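Notes to accompany the following structure.
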Amino acid sequence: MRHYTIKMMNSFSMFNCPLCKHFVTTQDFSSLNGNCRTQAAKAMNEHAAAAHGRPVYMPPREAQMWHAH
């Protein structure tokens, strides 16, 4: 379950928290660190967990990596 909405702008995407006014954009992140949309989604899920007590979503592929040890 994702804890944000996405609004497409001209050259970037804006990720908004539905519970408060917090947002991030893909412009806030560097492609040197990977996909900017993925980084924005992670930041919004972390915001939801910290600010609103929502569980952090972890895609099944990443969850498998955490349980591989």
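Below, each value reflects all heavy atoms present in this structure, side chains not excepted, and no hydrogens, waters or symmetry copies. Note that the structure is predicted; figures quoted are calculated from it, not measured.
Side-chain contact between Thr38 and Phe29 is absent, with no heavy atoms from C-beta onward closer than 4.5 Å. For the pair Asn33/Gln39, a side-chain contact is recorded, criterion being any heavy-atom separation below 4.5 Å from C-beta on. The side-chain heavy atoms of Met8 and Met14, taken from C-beta on, include no pair separated by under 4.5 Å.
Taking the side-chain hydrogen bond (donor to acceptor under 3.5 Å, both in side chains) definition, one finds that Ser13 meets it with Arg37, sequence neighbours left out.
The CE atom of Met44 sits 7.5 Å away from the OG1 atom of Thr5 when rounded to the nearest 0.5 Å.
Closest non-hydrogen pair, Cys36 versus Ser30, comes out as SG-C, 3.8 Å.
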Identify all side-chain donor-acceptor contacts of residues 16-25 below 3.5 Å with residues at least two apart in sequence or on another chain.
residue: Thr25; atom: OG1; partner: Gln27; partner atom: N; Å: 3.3
residue: Thr25; atom: OG1; partner: Asp28; partner atom: OD1; Å: 3.4

